[in-house]
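The structure appears below as structure tokens.
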Amino acid sequence: MPPDSTGHDWWHVYRVWKNALKIAKYEKSADKYIVQLGALLHDIADYKFNGGDELAGGRIAAECLKRASASEETISRVCHIVDNVSYRGARVKNEMKSIEGKIVQDADRLDALGAIGIARAFAYGGMKGKLIYEPKIRPVYHKSFNEYKSSQGTTINHFYEKLFLLHGRMNTKIGKELAEERDEYMRGYLKQFLKEWKVSP
Ligand code: ADP
Ligand code: NI
């Protein structure tokens, strides 16, 4: 992973890897080899940093695995994870099919929540030139990935458009439990943010 100031650096991958292993402990049927490869490769070529190319992740992950002589079956199971891990908009269906993928997706989503999630949202929003907040711009529940990708919304809106929805969409029981705590922390943060915003001179 290249050095990256938007929360998509190696430490993001490391946290997702560790959280995925933690969740996998509770999901006994999951193949931990696939879970770990999926976690380690999930952001290897994120569409957000590849001109919106949704297929870049799976393609580059497959190349890495081929170079390491992985089997065709491993490549296909890991690429399914990399291709489907990303959030695609509030009204867009989650296509993750395997338990290994559901675990990696939960682990990735945990890192979008809580204190770390707040830091990542503002760092990413700043890099993309997004405003912190503009009360006149309302949140949008995107109906397609294209709409979501081209959104011009603010970083505060991102909390409503994605972050506050995640705890209700976790795939695993333990993932949901871990997400609830982080969700509550973020809601407290947003409440304080809006309270400070509304103070008149
Ligand atoms: P995903 O692939 O589901 O988007 P990532 O692990 O690549 O997950 O990182 C997503 C994180 O990037 C978000 O949780 C948030 O912190 C940041 N991010 C993505 N889109 C936005 C946005 N429009 N505004 C602010 N932050 C964003
Ligand atoms: Ni990620």
Side-chain angles (χ1 to χ4, degrees), residues 1-24 35 38-44 46-49 57 81-82 84-92 94 96 101-134 137-142 145 148-149 151-197:
M1 304 295 292
D4 168 82
S5 62
T6 71
H8 292 85
D9 56 342
W10 158 248
W11 286 110
H12 165 62
V13 175
Y14 176 86
R15 292 188 301 267
V16 172
W17 175 35
K18 291 291 169 185
N19 273 329
L21 277 175
K22 183 171 174 173
I23 297 170
V35 168
L40 290 168
L41 290 168
H42 87 277
D43 268 342
I44 193 76
D46 192 306
Y47 74 88
K48 296 195 280 310
F49 306 97
I81 299 178
V82 178
N84 291 289
V85 71
S86 275
Y87 184 78
R88 291 185 153 84
R91 294 173 200 256
V92 184
N94 172 19
M96 194 68 90
K102 288 178 181 184
I103 290 171
V104 174
Q105 191 172 52
D106 276 9
D108 190 33
R109 288 176 169 183
L110 282 175
D111 211 53
L113 301 178
I116 288 179
I118 295 168
R120 293 181 72 221
F122 287 107
Y124 181 87
M127 184 274 289
K128 285 280 177 187
K130 289 181 186 287
L131 296 176
I132 292 175
Y133 183 44
E134 166 49 70
I137 306 177
R138 306 307 302 161
V140 180
Y141 296 108
H142 302 103
F145 192 23
Y148 174 70
K149 276 198 285 197
S151 161
Q152 297 296 313
T154 66
T155 298
I156 289 294
N157 284 1
H158 187 66
F159 284 75
Y160 297 97
E161 293 168 351
K162 175 184 177 189
L163 308 182
F164 288 151
L165 304 176
L166 292 182
H167 74 112
R169 297 178 183 200
M170 300 299 279
N171 302 304
T172 64
K173 187 165 172 282
I174 180 71
K176 188 168 170 58
E177 277 169 29
L178 295 167
E180 297 287 358
E181 186 200 335
R182 296 182 188 211
D183 182 76
E184 211 175 294
Y185 179 84
M186 268 186 340
R187 283 175 200 271
Y189 169 79
L190 236 282
K191 205 168 147 203
Q192 177 68 19
F193 180 100
L194 294 172
K195 187 174 149 196
E196 291 175 16
W197 191 278

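What's counted below: heavy atoms across the whole structure, side chains too, no hydrogens, waters or symmetry copies.
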* Asked: Has E177 got more than 12 heavy atoms of other residues, nucleotides or ligands less than 6.0 Å from its CD?
  -> yes
* State the CH2-CH2 distance between W11 and W17, to the nearest 0.5 angstrom. => 10.0 Å
* Asked: Taking atom types as modelled, is there a side-chain donor on Q105 or N84 under 3.5 Å from an acceptor on the other?
  -> no
* Taking atom types as modelled, is there a side-chain donor on D108 or H12 under 3.5 Å from an acceptor on the other? -> yes
* To do: Taking all heavy atoms of I81 and all of G101, pick out the closest pair and write down the distance.
  => CG1-CA, 3.6 Å
* Structure fact -> Here the pair of heavy atoms bringing V140 nearest to E161 is N-OE2, 2.9 Å
* Asked: Hey, is NZ on K22 packed in by over 12 heavy atoms from elsewhere, all under 6.0 Å?
  -> no
* Structure fact -> Across all chains, not counting sequence neighbours, the side-chain contact (heavy atoms from CB on, under 4.5 Å) partners of E184 are none
* To do: Before giving the answer on side chain to side chain contact (heavy atoms under 4.5 Å, CB included), spell out for Q152 and K128 the whole-Å C-alpha distance, their side-chain angles and the decisive distance to 0.1 Å.
  => CA-CA 10 Å; Q152 297 296 313; K128 285 280 177 187; over 6 Å; no
* Side chain proximity check, V16 to V13, heavy atoms < 4.5 angstrom -> no
* Structure fact -> Across all chains, not counting sequence neighbours, the ring pair (Phe, Tyr, Trp, His ring centres under 6.0 Å) partners of Y148 are Y87, H142
* Asked: Can you tell if the side chain of H167 reaches within under 4.5 Å of the side chain of M186, non-hydrogen atoms only?
  -> no
* Asked: Where do A107 and A20 come nearest, in terms of heavy atoms and distance?
  -> CB-N, 3.5 Å
* Asked: If you take all heavy atoms of R120 and D111, which pair is closest and at what distance?
  -> NH1-O, 3.0 Å
* **Residues that F49 engages under ring pair (Phe, Tyr, Trp, His ring centres under 6.0 Å), provided they are two or more places apart** => H8
* Asked: With a 4.5 Å heavy-atom cut-off, do L194 and Y133 have their side chains touching?
  -> yes
* Asked: Could R88 and F145 be counted as a cation-pi pair, given that NZ or CZ must be under 6.0 Å from the ring centre and within 45° of the axis?
  -> yes
* Atom CG in L110, atom CZ in R182: separation rounded to 0.5 Å? -> 5.0 Å
* **Taking every non-hydrogen atom, the tightest pair across R169 and G89** => NH1-O, 4.1 Å
* **Nearest-0.5 Å distance, CG of residue L165 to CZ of residue R91** => 10.0 Å
* Asked: If you draw the axis of the six-membered ring of F193, does the NZ or CZ of K195 fall within 45° of it and under 6.0 Å from the ring centre?
  -> no
* Asked: If you round to the nearest 0.5 Å, how far is OG1 of T172 from CD1 of I103?
  -> 7.0 Å
* **Spatial distance of atom CG (N157) from atom CD1 (I132) [nearest 0.5 Å]** => 13.0 Å
* **L178 side, atom CG; I23 side, atom CD1 - distance, nearest 0.5 Å** => 6.5 Å
* Asked: Would you say Y185 has more than 12 foreign heavy atoms packed within less than 6.0 Å of its OH?
  -> no
* Closest approach of L166 to A112 (non-hydrogen atoms, all atoms of both residues) -> CD1-CB, 4.1 Å
* Can you check whether T6 reaches F122 side chain to side chain, under 4.5 Å on heavy atoms? -> no
* **Side-chain ion pair, K102 and D106, N-O less than 4.0 Å** => no
* Asked: Taking side chain as C-beta onward, heavy atoms only, is F164 less than 4.5 Å from L190?
  -> yes
* **Sub-4.5 Å side-chain heavy-atom contact between H158 and K130** => no
* Test T155 against L131 for side chain to side chain contact (heavy atoms under 4.5 Å, CB included), laying out the working first. => CA-CA 6 Å; T155 298; L131 296 176; over 6 Å; no
